[in-house]
Amino acid sequence: MTSVQHSSEPAPVVAFPAGFRWGAATAAYQIEGAAAEDGRGPSIWDTFCRTPGKVLGGDTGDVAVDHYHRFREDVALMADLGLTAYRFSVSWPRVQPSGAGPLNPAGLDFYRRLVDALLEAGVEPWPTLYHWDLPQPLEDAGGWPERDTAHRFADYAGEVHAALGDRVSQWMTINEPWCAAFLGYASGEHAPGRREPAAALRAAHHLMLGHGLAVEAMRARRPQNRFGAAVNLYAISPASQSEADQDAARRIDGMQNRFFLDPLLRGSYPADVLADLEGHDFEACVRDGDLAVINQRLDQLGVNYYSRFTVAGTPGDATQAVSSPFSSHSPWVGSEFVRFVDGGRPVTGMGWEIDEGGLHELLVRLHREYPEVALYVTENGAGYDETPNGDLPLNDADRIAYLEAHLRACHDAIADGVPLRGYFTWSLLDNFEWAWGYSKRFGLVHVDYATQRRVPKESARWYSGVIRQGGLPDHR
């Protein structure tokens with residue numbers, strides 16, 4: 001491990017509020033490795049990675065970046081960076097291999113050791129209980145389209161909380177339910193790789209129901225803890241002012257944003273989205289009382305933001321708005337005809353358009369249109385193809401520019417009255433990037449996948465300076 005070299009930047013003018021949390025985020029399957037060690041069972045991502053043609057290069061998370069064995073080194077990196085918070089996910093199949101019944105003591109002990117190491121380093125732990133690695137036995141029983149999976153998740157969440165809640169006060173239940181439901185069960189580009197639109201809708205509802213049931217169980221045990229969920233939101237623009245394009249924007253905003261925000265924060269599904277979904281029998285899976293369970297009081301809402309969508313409802317050339325290089329099946333149930341078009345903006349190495357103004361737009365919208373809740377940017381970052389230069393820190397100027405622009409958007413939102421309490425960049429480490437395998441890098445820290453050597457990039461040095469100064473340098 002190479003430590004971060006700190007700079008001596010002048011005190012910033014663009015200061016963030018005292019107590020603002022400065023963090024970085026990861027996910028279990030993307031970093032832990034040790035896929036068959038200490039009683040861990042298979043997840044849907046283990047199975048998906050072994051299905052030919054599903055992951056670029058045939059990559060898997062079997063080793064990933066070996067965080068399971070190197071977590072102390074990684075925590076030392078976090079402390080060196082000056083992180084005040086670290087968002088990680090708990091691997092459900094490591095803790096409860098069958099998805100039900102007794103927990104695996106060895107798996108749970110790993111998270112005890114991780115939490116203890118974080119606390120000793122002065123870094124606040126922010127566990128997320130579900131970041132897409134469903135135990136394979138639960139998928140074999142039907143997966144998230146089955147209502148029972150929501151109850152199994154709540155049981156698992158309650159057990160993990162019982163073990164760690166005395167030392168962990170911040171809890172996130174589910175991460176990006178849109179991806180888990182619609183990329184997993186509609187387009188098939190994420191695990192478990194199914195292409196069943198009606199099942200995807202049921203999966204989305206049951207993910208939200210699982211969230212609500214989990215919060216109920218955890219809050220009953222330790223009401224002083226804080227609970228939330230993380231949703232991936234996009235700013236949406238119509239390609240033109242035509243009626244068809246504006247309707248396309250309404251539809252995608254509905255399925256991407258409001259389909260999750262409205263149940264979480266208002267206790268209802270949006271009426272126009274339900275109309276768009278007519279014929280898919282969605283409302284049959286929504287039972288009396290479900291929406292009240294989903295609409296638990298949230299102590300915080302996580303916003304994962306990367307890009308803006310520009311959409312059209314009229315014929316023409318289309319740009320595929322998916323995260324995998326393989327699937328041509330639309331995840332947009334009920335609106336499969338909508339096209340995603342080039343908005344004319346610069347893009348990251350993922351092909352995602354860079355638009356920091358969209359983050360400001362979303363944060364202000366949440367503040368003005370929804371019930372008050374503390375907000376955190378729980379993911380934000382840029383993936384690129386990167387080649388290290390020996391032992392020197394990788395000069396990832398594009399990532400620095402991306403992060404700085406989005407942090408300025410955060411500061412502008414706070415100035416507009418938005419209760420934004422923290423920011424977690426994605427990601428701490430280069431890692432397994434789902435269907436893209438190891439071809440794209442998001443990390444502040446470069447990882448040599450052959451040796452597992454960690455070398456902080458220039459973006460790590462830059463972010464460390466921002467944290468130490470409590471804000472951004474003035475460039476006026």
Side-chain angles (χ1 to χ4, degrees), residues 21 23 25-28 85 87-90 92 125-134 144 149-158 160-161 164-165 168-184 203-220 222-223 225-234 255-270 290-306 362-363 365-367 370-380 419-424 426:
R21 286 180 172 86
T26 64
R87 180 174 175 245
F88 61 95
S89 77
V90 176
W92 191 348
W126 277 62
T128 297
L129 289 162
Y130 186 71
H131 199 132
W132 308 351
D133 49 356
L134 185 71
W144 282 109
T149 305
H151 292 278
R152 300 288 71 75
F153 173 70
D155 291 345
Y156 145 77
V160 174
H161 180 250
L164 300 177
V168 176
S169 60
Q170 307 285 349
W171 293 85
M172 305 299 278
T173 54
I174 54 176
N175 180 77
E176 297 188 357
W178 184 90
C179 292
F182 295 111
L183 299 184
H205 178 67
H206 294 148
L207 279 154
M208 301 287 278
L209 180 63
H211 152 79
L213 292 168
V215 172
E216 278 188 337
M218 293 188 291
R219 185 169 279 144
R222 289 191 175 91
N225 288 174
R226 296 178 61 80
F227 305 101
V231 290
N232 55 315
L233 305 179
Y234 285 78
M255 285 302 295
Q256 180 73 60
N257 299 329
R258 294 181 287 119
F259 190 73
F260 299 96
L261 292 174
D262 282 26
L264 282 171
L265 299 175
R266 292 176 174 157
S268 63
Y269 283 108
D290 281 3
L291 285 162
V293 171
I294 294 169
N295 185 219
Q296 296 292 313
R297 175 177 59 82
L298 291 184
D299 299 298
Q300 58 227 6
L301 179 70
V303 174
N304 295 358
Y305 176 82
Y306 291 94
L362 282 169
L363 293 172
R365 177 186 180 185
L366 282 165
H367 174 54
Y370 285 90
E372 186 81 355
V373 61
L375 300 176
Y376 291 82
V377 173
T378 38
E379 288 185 27
N380 177 244
L420 182 64
R421 309 293 190 227
Y423 175 92
F424 294 76
W426 185 272

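The main-chain N or O of Y376 is never found under 3.5 Å from a side-chain atom of R21 such that the two would form a donor-acceptor pair. Using a distance-only test at 3.5 Å, with no hydrogens or angles considered, no donor-acceptor pair links the side chain of Q296 to the main chain of G228. In this structure a side-chain-to-backbone donor-acceptor pair under 3.5 Å is present from S89 to A28. In this structure, the side chain of N175 does not engage the main chain of Y130 through any donor-acceptor pair within 3.5 Å. Between the side chain of H206 and the backbone N or O of W144 there is at least one donor-acceptor pair closer than 3.5 Å.
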| said: Quick one, F153 with I174, criterion side chain to side chain contact (heavy atoms under 4.5 Å, CB included). Give me CA distance, side-chain angles, the key distance, then yes/no. | reply: CA-CA 10 Å; F153 173 70; I174 54 176; 4.1 Å; yes
| said: Set out, in order, the CA-CA distance, both residues' side-chain angles and the distance that settles side chain to side chain contact (heavy atoms under 4.5 Å, CB included) for L298 and H211, then state yes or no. | reply: CA-CA 11 Å; L298 291 184; H211 152 79; 3.6 Å; yes
| task | Please test Y306 against W426 for ring pair (Phe, Tyr, Trp, His ring centres under 6.0 Å), starting from the C-alpha separation and ending with a verdict. | result | CA-CA 10 Å; Y306 291 94; W426 185 272; 7.6 Å; no
| query | Please walk me through it: do L261 and L366 pass side chain to side chain contact (heavy atoms under 4.5 Å, CB included)? | reply | CA-CA 9 Å; L261 292 174; L366 282 165; 3.8 Å; yes
| field | Stepwise side chain to side chain contact (heavy atoms under 4.5 Å, CB included) check, L264 with V373 | value | CA-CA 11 Å; L264 282 171; V373 61; over 6 Å; no
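Residues M208 and P177 share a closest heavy-atom pair of SD-CG, 4.2 Å. What you find for C179 and N232 is that their closest heavy atoms are SG-ND2, 3.5 Å. Among all heavy-atom pairs drawn from F259 and A204, the shortest one is CE2-CB, 3.7 Å. Looking at every heavy atom in both residues, E372 comes nearest to P419 through OE2-CG, 3.4 Å. Here the closest heavy-atom approach between residue L213 and residue A154 is recorded as CB-CB, 3.5 Å. The minimum heavy-atom distance linking R87 with T378 is given by the pair NH1-O, 3.2 Å.
One finds the CG atom of N304 at 8.0 Å from the CG atom of L233 (value rounded to the nearest 0.5 Å). Taken to the nearest 0.5 Å, the CG atom of L420 stands 11.5 Å off from the NE2 atom of H367. Rounding to the nearest 0.5 Å gives a distance of 12.5 Å between CD of E216 and CZ of R297. The structure places CD of E176 at 10.5 Å from CZ of F260, a figure rounded to the nearest 0.5 Å. The CZ atom of R222 sits 8.5 Å away from the CH2 atom of W171 when rounded to the nearest 0.5 Å. Between L209 atom CG and L291 atom CG the span is 9.5 Å, to the nearest 0.5 Å.
Contact check on D262 versus R266 returns a salt bridge, with a Lys/Arg side-chain nitrogen under 4.0 Å from an Asp/Glu carboxylate oxygen. A salt bridge does not link D299 to R421: none of the charged side-chain nitrogens sits closer than 4.0 Å to a carboxylate oxygen.
Ring planes of Y269 and H205: tilted class, angle from 30 to 60°.
Ring centers of H161 and F227: under 6.0 Å apart, within the cut-off. With ring centers used as reference points, Y234 lies 6.0 Å or more from W178.
With a 4.5 Å cut-off on side-chain heavy atoms, L301 and Y370 do not count as touching.
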